[in-house]
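FYI, the numbering just counts along the sequence from 1. Values below: all heavy atoms of this structure, side chains included; hydrogens, waters and symmetry mates excluded.
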Amino acid sequence: MADPKGFLTTSRQEWPRRPVEERVRDWDEVYVPGALLPIIAAQADRCMDCGVPFCHQACPLGNLIPDWNDLVARDDWRAASERLHATNNFPEFTGRLCPAPCEAGCVLAINQPAVTIKNVEVAIADRAWEEGFAAPRPPDRLSGRTVAVVGSGPAGLAAAQQLTRAGHTVAVYERDDRVGGLLRYGIPAFKMEKRHLERRLGQMRAEGTKFRVGTAVGRDVGADELRTRYDAVVLATGATAWRELPLPGRELAGIHQAMEYLPLANRVGEGDLGVSPLSAAGRHVVIIGGGDTGADCLGTAVRDGAASVTQLDIYPRPEEERSEDEPWPTYPKVYRMSGAHEEARDLTTAPLADADARLFAASTLRFVGDAAGRVSGLRLTGVDECRRPVPGTDRTLPADLVLLALGFSGPERHDGLVDQLGLVLDGRGTIARDRDFATNVPGVFAAGDAARGQSLVVWAIAEGRSVAAAVDRHLTGTDRLPTPIGPEDRPMTA
């Protein structure tokens, strides 16, 4: 380590966010531009270069975190970029979107605030682009083998880049009109501006990866046709079958899935629409679901100019510190405040909320409608730790826009891809595969949320890298690409 006493002399300092009143008036990223670089070398110096770095184990990519922390502290950005990109195809994505399980596994976090690993990562990634360290890496020669990747989210893109660099001819099929999957239309620009995605796609195109947009495999192109045309097929379609809330009143107008609302807001940012047809402007919004997707809806509704926004979380409010039931180095369920929650708190978007915009330990009983058949409110109740209703806690919240952010159950079926291929699904409704990421159909592999189930961006990239290694091994009979995880690997838990 560059400074053996850095973790003793330097306190944790994170990338500062822009003032709330300023950032809710635009869709730019919430952080102060240029404010990270002056503090990041000292923050990297807090890394203790542990003999057994648990941050490696906590990160499914196996990122070489102490290595690039030390290099940043020594101002060697080129070498830091090389070490970072050795394990992560898209650190500018993970540095902005990943909840940083590596920081929960930081040895310093046993009794001090962890190293700001995520901030160091994004600083390296951005510096790499600025300094030209992220040049395209086309293969020296082509293998003569072809691969189709279905889906252009982080898993599909990582698989495509790895296989292209290995010399295979890769085409990525995306049913939407632009590449990126949830990175494009699910993640709001205030969390990650689309220029970061476009820059990486430009690198991939320069390396030789081909993209086929507006093409739904199973509908526009038959699954059997794809198998005939390519030597291998990778399914990385994501787990986009959203979970429903079948309660009385669900048929009322004004109740929508989060993934109906967020893509339209992103299309406004892309210039496709002047105003979203589901804009929250002037409306009383209730978001059902306490996860990241719900927080994305919250930040979007605030920027839309909603009259009020409340987020319901069925779980009780977490503690400020990790509990004894979630010991280090597991990723603990503690009270966290995203940029969107900070905005809601400061702007008082939900006067009845427990904290920021959230009502904890709250469960919806039914939806209430008006004479025109539109939602006008929802009836909820408080629940105990076992989700049982607490007597005397029923109340009604006004709502003329309700967003369901309840997660996803597996890949969608309506395009016909699963049925046309005759894929076997597991008990969770995700695509079954063996230890080599292969499905029951010869030459067809599965990766990402479609097979793992709903997970984090860092796991999706690890899946993409691992399935690429399996496909390359299938095509060439050799082990040339890294396999950071196996299909059955899961995050560390107590």
> Can you pull the salt bridge (charged side-chain N to carboxylate O under 4.0 Å, His left out) pairs that have at least one residue in residues 100-114, sequence neighbours excluded?
Replying inline: R12-E103
> Between Q311 and G289, is there a donor-acceptor pair closer than 3.5 Å when you use the side chain of the first and the backbone of the second?
Replying inline: yes
>> Applying side-chain contact (heavy atoms from CB on, under 4.5 Å), can you list everything that pairs with S363, at least two apart in sequence or on another chain?
In response: I314, T381, V383
> Do any pairs count as a salt bridge (charged side-chain N to carboxylate O under 4.0 Å, His left out) and have a residue in residues 121-134, sequence neighbours left out, and if so which ones?
Replying inline: R96-D126, R127-E131
> Between R366 and D394, is there a side-chain N and carboxylate O pair less than 4.0 Å apart?
Replying inline: no
> Between T94 and N88, do the side chains contain an N or O donor and an N or O acceptor separated by less than 3.5 Å?
Replying inline: yes
> Can you pull the ring-ring contact (aromatic ring centres under 6.0 Å, His included) pairs that have at least one residue in residues 92-134, sequence neighbours excluded?
Replying inline: F90-F93
> Any ion pair linking R358 and D356 (charged N to carboxylate O, less than 4.0 Å)?
Replying inline: yes
> Ion pair present between R212 and D220, side-chain N to carboxylate O less than 4.0 angstrom?
Replying inline: no
>> For R178, is there an ion pair with E270 - N to carboxylate O distance below 4.0 angstrom?
In response: yes
> Would a distance-only check, ignoring hydrogens and angles, find a side-chain to backbone donor-acceptor pair under 3.5 Å from Q43 to Q13?
Replying inline: yes
>> Between R18 and D26, does any NZ, NE, NH1 or NH2 come within less than 4.0 Å of an OD or OE carboxylate oxygen?
In response: yes
> Sequence neighbours excluded, which residues qualify as side-chain contact (heavy atoms from CB on, under 4.5 Å) partners of E198?
Replying inline: R184, L201
> Tell me the salt bridge (charged side-chain N to carboxylate O under 4.0 Å, His left out) pairs involving residues 279-296, sequence neighbours left out?
Replying inline: K191-D296
> Should the pair R23-E342 be classified as a salt bridge under the 4.0 Å nitrogen-to-oxygen rule?
Replying inline: yes
> In terms of side-chain geometry, is the basic nitrogen of R175 or E412 positioned less than 4.0 Å from the acidic oxygen of its partner?
Replying inline: yes
>> Restricting to side chain to side chain donor-acceptor pair (under 3.5 Å), what partner residues turn up for R137, sequence neighbours left out?
In response: none
>> Taking side-chain contact (heavy atoms from CB on, under 4.5 Å) as the definition, give me every residue that meets it alongside H85, ordered by chain and number, with sequence neighbours left out.
In response: S81, P91, A128, R200
> Can you list every salt bridge (charged side-chain N to carboxylate O under 4.0 Å, His left out) pair that touches residues 367-385, not counting sequence neighbours?
Replying inline: D384-R388
> Can you pull the ring-ring contact (aromatic ring centres under 6.0 Å, His included) pairs that have at least one residue in residues 171-194, sequence neighbours excluded?
Replying inline: none
Would you be so kind as to tabulate the donor-acceptor pairs closer than 3.5 Å made by side chains of residues 449-458, with sequence neighbours excluded?
| unit_1 | atom_1 | unit_2 | atom_2 | d |
| --- | --- | --- | --- | --- |
| D449 | OD1 | S455 | N | 3.4 |
| R452 | NE | E463 | OE2 | 2.6 |
| R452 | NH1 | D489 | O | 2.5 |
| R452 | NH2 | E463 | OE2 | 2.9 |
| R452 | NH2 | G486 | O | 3.4 |
| R452 | NH2 | D489 | O | 3.2 |
| Q454 | OE1 | F408 | N | 2.9 |

> For W77 and D75, does a side-chain donor sit closer than 3.5 Å to a side-chain acceptor?
Replying inline: yes
> Any side-chain heavy-atom pair from S308 and T349 closer than 4.5 angstrom?
Replying inline: no
> Looking at residues at least two apart in the chain, or sitting in another chain, which of them share a ring pair (Phe, Tyr, Trp, His ring centres under 6.0 Å) with W15?
Replying inline: Y31
